[in-house]
Amino acid sequence: MIKVGIVGGTGYTGVELLRLLAQHPQARVEVITSRSEDGVKVADLYPNLRGHYDGLAFSVPDVNRLGACDVVFFATPHGVAHALAGELLATGTRIIDLSADFRLRDAEEWSRWYGQPHGAPQLLEQAVYGLPEVNREAIRSARLIAVPGCYPTATQLGLIPLLEAGLADPAQLIADCKSGVSGAGRGASVGSLLCEASESMKAYAVAGHRHLPEIRQGLNLAAGQPVGLTFVPHLTPMIRGIHATLYASVKDRSVDLQALFEQRYAAEPFVDVMPAGSHPETRSVKGANTCRIAVHRPQGGDLVVVLSVIDNLVKGASGQAVQNMNIAMGLEETLGLSHPALMP
Ligand SMILES: NC(=O)C1=CN([C@@H]2O[C@H](COP(=O)(O)OP(=O)(O)OC[C@H]3O[C@@H](n4cnc5c(N)ncnc54)[C@H](OP(=O)(O)O)[C@@H]3O)[C@@H](O)[C@H]2O)C=CC1
Ligand SMILES: CC(=O)N[C@@H](CCC(=O)OP(=O)(O)O)C(=O)O
């Protein structure tokens with residue numbers, strides 16, 4: 001049985017880890033931290049977990065207790081993993097970080113986008129970007145895994161097949177993405193209030209969102225050259241879900257794009273290439289670790305439109321984190337993750 005610790009257990013991704021790990025046959029949560037709910041039983045704060053974590057209570061982060069775990073997930077704001085990762089790695093614990101602390105290869109670029117100095121640049125060399133569909137082999141032996149962000153997961157999975165095949169013009173890529181409100185986390189903020197976020201939709205961070213460098217880093221690798229990307233996130237009145245509408249110019253009209261996507265993801269347990277002409281809905285992936293993708297070439301022209309949907313809290317965060325744990329611990333990759341989506 002794998003001993004698991006979770007730092008940041010009261011947030012949306014922390015509790016989603018608890019929901020997923022409750023069904024995992026090879027993992028047991030031993031430590032779950034919260035500074036604000038110290039001593040409170042998990043099932044008292046989250047009654048949906050009653051019967052699964054009896055006896056487990058939140059406690060303040062303690063490196064000795066966390067260091068006794070085989071795997072520690074960080075479901076915390078940026079900067080927290082920077083502060084604790086070095087000490088934990090030294091105890092032999094594997095770290096799976098859901099925050100952005102180790103996603104960017106370049107510490108200076110991280111500082112520019114996150115507005116604070118990088119707290120652990122010396123660890124970047126050993127950090128592995130945890131997108132299994134691209135990095136599976138490196139994840140197998142990784143001790144520090146940076147789980148991709150929600151927008152970056154949906155966008156990279158949608159565009160990578162075109163870029164790897166050298167078909168899309170790398171200079172002109174557009175990612176028009178919509179997120180549910182849970183993407184902003186559980187902390188109180190005016191933008192997340194029911195009166196503000198329901199029955200309304202808006203774009204934000206058009207001038208530059210911190211996921212832009214992360215998506216660009218992944219697409220540059222797929223294309224083998226620097227890409228030009230416009231990324232516009234939107235907040236939409238739903239709780240969970242990312243819908244990415246992706247645009248790329250593909251001049252070669254002889255290529256069967258449906259076959260290209262199907263072949264690229266044929267062996268991937270969590271990417272579903274839908275039949276030609278499909279329009280995937282976010283509710284079809286709600287609660288599931290699945291990315292559903294459809295590829296279109298409207299009117300047979302040069303502009304290709306890829307639709308990519310995920311649940312931001314599952315394939316966009318906690319599910320992908322468990323997928324990484326399975327790979328890194330030598331388990332079956334789908335263990336504890338094969339449940340279907342929760343249609344409303
Ligand atoms: N929500 C989403 O869809 C996604 C989120 N992420 C990333 O995952 C991480 C967690 O996100 P989310 O669950 O939404 O965040 P929340 O704001 O919902 O929760 C944050 C958690 O971290 C704890 N925490 C806050 N500050 C500290 C600290 N200094 N030291 C230790 N614990 C702390 C909080 O508990 P307490 O204050 O009680 O200690 C809380 O449990 C973030 O980095 C986020 O960007 C990534 C992909 C998608
Ligand atoms: C709707 C919403 O606010 N989404 C968040 C992104 C999700 C997230 O948690 O960011 P990381 O992946 O970098 O950890 C945002 O735009 O800041």
Side-chain angles (χ1 to χ4, degrees), residues 5-19 31-40 42 45-46 57-63 66 72-85 88 96-104 110 113-116 119 129-131 146-156 177-192 196-197 201-206 208-215 231-244 282 286 310-321:
I6 299 173
V7 186
T10 53
Y12 284 154
T13 59
V15 76
E16 192 68 6
L17 280 169
L18 285 173
R19 185 180 74 83
V31 181
I32 180 132
T33 85
S34 165
R35 299 156 314 154
S36 56
E37 303 292 345
D38 184 22
V40 174
V42 164
L45 192 64
Y46 288 112
F58 297 102
S59 55
V60 293
D62 174 74
V63 175
L66 290 166
V72 170
F73 293 96
F74 279 86
T76 44
H78 315 307
V80 179
H82 281 167
L84 296 177
L88 278 178
I96 302 183
D97 178 21
L98 282 73
S99 83
D101 281 8
F102 296 101
R103 291 184 199 152
L104 298 184
W110 192 94
W113 285 94
Y114 288 84
Q116 60 193 83
Y129 190 66
L131 191 61
V147 181
C150 44
Y151 290 121
T153 297
T155 303
Q156 289 178 83
C177 298
K178 322 285 189 296
S179 173
V181 184
S182 63
R186 187 163 176 254
S189 70
V190 171
S192 306
E196 306 281 331
M201 180 174 138
K202 66 164 195 169
Y204 63 102
V206 178
H209 185 282
R210 61 184 198 275
H211 284 176
L212 177 64
E214 181 186 339
I215 301 171
F231 165 53
V232 181
H234 298 72
L235 189 66
T236 57
M238 59 183 174
I239 294 174
R240 290 170 180 247
I242 298 275
H243 185 297
T282 53
K286 190 174 166 187
I310 59 169
D311 182 327
N312 54 298
L313 294 176
V314 190
K315 185 60 176 162
S318 309
Q320 184 141 262

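Not measured: the values here are computed from a predicted model. When a ligand or atom number is given, it counts from 1 through the structure's own listing order.
For a threshold of 3.5 Å applied to N or O pairs, the pair formed by S99 and ligand 2 contains no separation below that value. Considering backbone and side-chain N/O atoms, S36 comes within less than 3.5 Å of an N/O atom of ligand 1.
Distances from atom 9 (C) of ligand 1 to the protein include at least one heavy-atom value under 4.0 Å.
A donor-acceptor pair shorter than 3.5 Å can be found between the side chains of E214 and Y129.
Annotation for ligand 1: atoms under 4.0 Å from non-hydrogen atoms of Y12 are 13 (O), 18 (O). Within ligand 2, counting atoms from 1 as listed, the ones closer than 4.0 Å to a heavy atom of Y204 are 1 (C), 2 (C), 3 (O), 4 (N), 15 (C), 16 (O). Atoms of ligand 1 lying under 4.0 Å from any heavy atom of T10, numbered from 1 in the order shown and given with element: 34 (C), 35 (O), 38 (O), 40 (C), 41 (O). Interface of S99 with ligand 1, defined as ligand atoms under 4.0 Å from a residue heavy atom, comprises 43 (O). For ligand 2 and S179, the ligand atoms under 4.0 Å from any heavy atom of the residue are 1 (C). Set against the non-hydrogen atoms of G183, the atoms of ligand 1 under 4.0 Å away are 1 (N), 2 (C), 3 (O). Each of the atoms 47 (C), 48 (C) of ligand 1 lies under 4.0 Å from some heavy atom of G316. Interface atoms of ligand 1 facing G9, defined by a heavy-atom separation under 4.0 Å, are 41 (O).
Protein heavy atom in closest approach to atom 15 (C) of ligand 2: H209 NE2, 3.4 Å. Closest to atom 11 (O) of ligand 1 among all protein heavy atoms lies T13 OG1, 3.6 Å. When hydrogens are left out, the protein atom nearest atom 5 (C) of ligand 2 is G183 O, 3.3 Å; that is the closest non-hydrogen contact. Protein heavy atom in closest approach to atom 37 (O) of ligand 1: R35 NH2, 2.7 Å. If you check which protein heavy atom lies closest to atom 14 (O) of ligand 2, you get R103 NH2, 3.2 Å. In this structure, atom 14 (O) of ligand 1 lies nearest to the protein heavy atom G185 CA, 3.1 Å. In terms of protein heavy-atom proximity, atom 17 (O) of ligand 2 is nearest to R210 NH1, 3.0 Å.
Counting heavy atoms closer than 4.0 Å to ligand 2, residue V181 contributes nothing at all. Using a 4.0 Å cut-off between heavy atoms, H78 contacts ligand 2 through its side chain alone, with no backbone atom that close.
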Table please: side-chain donor-acceptor pairs of residues 7-18 below 3.5 Å, with sequence neighbours left out.
unit_1, atom_1, unit_2, atom_2, d
E16, OE1, R19, NE, 3.4
E16, OE1, R240, NH2, 2.8
E16, OE2, R19, NE, 3.2
E16, OE2, R19, NH2, 2.7
E16, OE2, R240, NH1, 3.1
E16, OE2, R240, NH2, 3.4

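Under the salt bridge (charged side-chain N to carboxylate O under 4.0 Å, His left out) criterion, K178 pairs with D176, sequence neighbours left out.
Evaluated by nearest non-hydrogen atom to atom 16 (P) of ligand 1, the leading choice among E16, H78, R186, E37 is R186.
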